[in-house]
Amino acid sequence: MATTSNVQVTISLSELGLDEEELQAETQNLLPQLREVDGVEEVGLVAATEAPEHSKVGGDFLWHLLNAQVNPASFKALFGFLSDRFGNKPIKLALKAPDGRELNLEASSRKEFEFAMQQAQDFLNNTKKTQDSKDGEGSTANRD
């Protein structure tokens with residue numbers, strides 16, 4: 001049986017409109033909850049040294065960004081948790097596939113979370129098709 005690589009998911013809470021103190025409290029509350037979600041292998045704060053361009057840095061960590069390593073088979077559990085927790089609040093997600101491709105998603109309603117989950121699954125399925133074609137097997141993946 002083939003081993004499936006984890007996907008890196010970056011969760012951005014910057015769109016919640018919280019001040020620095022509220023954002024820190026929200027993040028500290030969210031971290032242990034995310035660690036309990038099935039398929040989330042690791043989760044932690046993004047170090048300030050790894051800050052994306054134009055990020056507001058204050059201290060050693062970025063309180064609005066969390067990185068998680070997630071088993072692709074468990075995306076439904078992660079997106080379900082995020083939808084329950086932030087169903088009517090805007091958050092941004094960035095997925096990085098094992099092959100280096102990236103997908104940016106935004107959701108601010110339960111319906112948008114469902115759509116984002118479907119996009120993530122389609123994105124990962126394309127990763128598998130691309131990997132199959134690199135392994136010498138035929139693929140019908142669109143390579144625009």
Side-chain angles (χ1 to χ4, degrees), residues 1-18 20 23-24 26-144:
M1 180 180 281
T3 305
T4 304
S5 298
N6 287 336
V7 175
Q8 179 179 315
V9 178
T10 302
I11 303 166
S12 174
L13 305 176
S14 61
E15 302 298 315
L16 293 177
L18 303 175
E20 191 94 15
L23 190 57
Q24 183 175 347
E26 179 72 28
T27 304
Q28 287 176 324
N29 188 33
L30 186 61
L31 275 169
Q33 293 175 17
L34 277 169
R35 289 183 179 117
E36 297 299 317
V37 174
D38 287 339
V40 175
E41 306 296 329
E42 293 179 35
V43 67
L45 295 168
V46 174
T49 57
E50 299 171 21
E53 195 172 321
H54 306 295
S55 287
K56 184 177 177 182
V57 178
D60 294 335
F61 296 100
L62 302 174
W63 289 104
H64 68 281
L65 289 177
L66 299 169
N67 270 341
Q69 295 294 323
V70 181
N71 182 319
S74 300
F75 265 30
K76 188 173 184 176
L78 175 63
F79 277 80
F81 170 81
L82 293 173
S83 177
D84 289 345
R85 188 79 160 72
F86 299 104
N88 295 316
K89 299 175 185 173
I91 66 168
K92 293 181 180 181
L93 303 168
L95 281 63
K96 186 171 183 179
D99 65 1
R101 291 180 312 119
E102 295 184 23
L103 174 67
N104 293 306
L105 302 167
E106 293 183 35
S108 60
S109 70
R110 290 187 189 280
K111 189 172 186 172
E112 288 178 7
F113 273 102
E114 289 175 22
F115 182 69
M117 182 181 68
Q118 185 59 52
Q119 286 183 305
Q121 289 176 330
D122 291 348
F123 172 75
L124 292 176
N125 287 339
N126 277 339
T127 300
K128 290 177 187 174
K129 288 179 186 175
T130 301
Q131 286 295 74
D132 288 347
S133 67
K134 286 181 182 176
D135 293 339
E137 297 179 16
S139 174
T140 59
N142 185 359
R143 294 188 183 101
D144 292 334

When every non-hydrogen atom of Ser109 is compared with those of Asn88, the smallest separation belongs to CA-OD1, 4.4 Å

Where the side chain of Thr27 meets the backbone of Trp63, is there a donor-acceptor pair that is under 3.5 Å apart? yes

Shortest non-hydrogen contact from Ser108 to Pro90? CB-CA, 3.7 Å

Side chain to side chain, Glu106 and Glu112, heavy atoms closer than 4.5 Å: no

Using the rule given for side-chain hydrogen bond (donor to acceptor under 3.5 Å, both in side chains), can you reason through Asp122 versus Gln118, listing the C-alpha separation, both sets of side-chain angles and the distance that settles it, and then say yes or no? CA-CA 6 Å; Asp122 291 348; Gln118 185 59 52; 2.8 Å; yes

With a 4.5 Å cut-off on side-chain heavy atoms, are Ile11 and Val9 touching? yes

Quick check for you: to the nearest 0.5 Å, what is the distance between Gln8 atom CD and Glu41 atom CD? 13.5 Å

Would you say the side-chain atoms of Arg101 pair up with the backbone N or O of Leu124, donor to acceptor, closer than 3.5 Å? no

Donor-acceptor pair, side chain of Arg110 and main chain of Ser83, under 3.5 angstrom: yes

Taking the side chain as every heavy atom from C-beta outward, state whether Thr10 and Leu65 have any atom pair closer than 4.5 Å. yes

How far apart are the closest heavy atoms of Val43 and Leu31, and which atoms are they? CG1-O, 3.9 Å

When you check the gap from the basic side-chain N to the acidic O, do Lys89 and Glu26 get nearer than 4.0 Å? no

Got Leu95 and Leu105 here, is their nearest side-chain heavy-atom distance under 4.5 Å? yes

Does Leu13 reach the side chain of Leu18, with side-chain heavy atoms less than 4.5 Å apart? no

Using the rule side chain to side chain contact (heavy atoms under 4.5 Å, CB included), only one of Asn71, Val40, Val7, Leu93 pairs with Leu78; which is it? Val40

CG (Leu16) and CZ (Phe86) are apart, to the nearest 0.5 Å, by 6.0 Å

Closest approach of Ala77 to Asp38 (non-hydrogen atoms, all atoms of both residues): CB-O, 3.8 Å

Between CZ on residue Arg85 and CG on residue Asn29, distance to nearest 0.5 Å: 5.0 Å

Atom pair CD (Glu20) and CD (Gln24), whose distance is rounded to the nearest 0.5 Å: 7.5 Å

Assess whether side-chain contact (heavy atoms from CB on, under 4.5 Å) is satisfied between Leu62 and Leu45, documenting all intermediate values. CA-CA 7 Å; Leu62 302 174; Leu45 295 168; over 6 Å; no

For Glu42, look at atom CD and say whether over 12 heavy atoms of other residues, nucleotides or ligands are found less than 6.0 Å away. no

Go through it in stages, so that I can follow the logic: the residues are Asn6 and Val70, the test is side-chain contact (heavy atoms from CB on, under 4.5 Å), and I'd like the CA-CA distance, side-chain angles, deciding distance and then a yes or no. CA-CA 5 Å; Asn6 287 336; Val70 181; 6.0 Å; no

Could you give the distance from CD (Glu114) to CD (Gln119), rounded to the nearest 0.5 Å? 12.5 Å

Ignoring hydrogens, what is the shortest heavy-atom contact between Phe113 and Phe79? Give both atom names and the distance. O-CD2, 3.8 Å

How long is the gap from CZ on Phe81 to CG on Leu34, to the nearest 0.5 Å? 4.5 Å

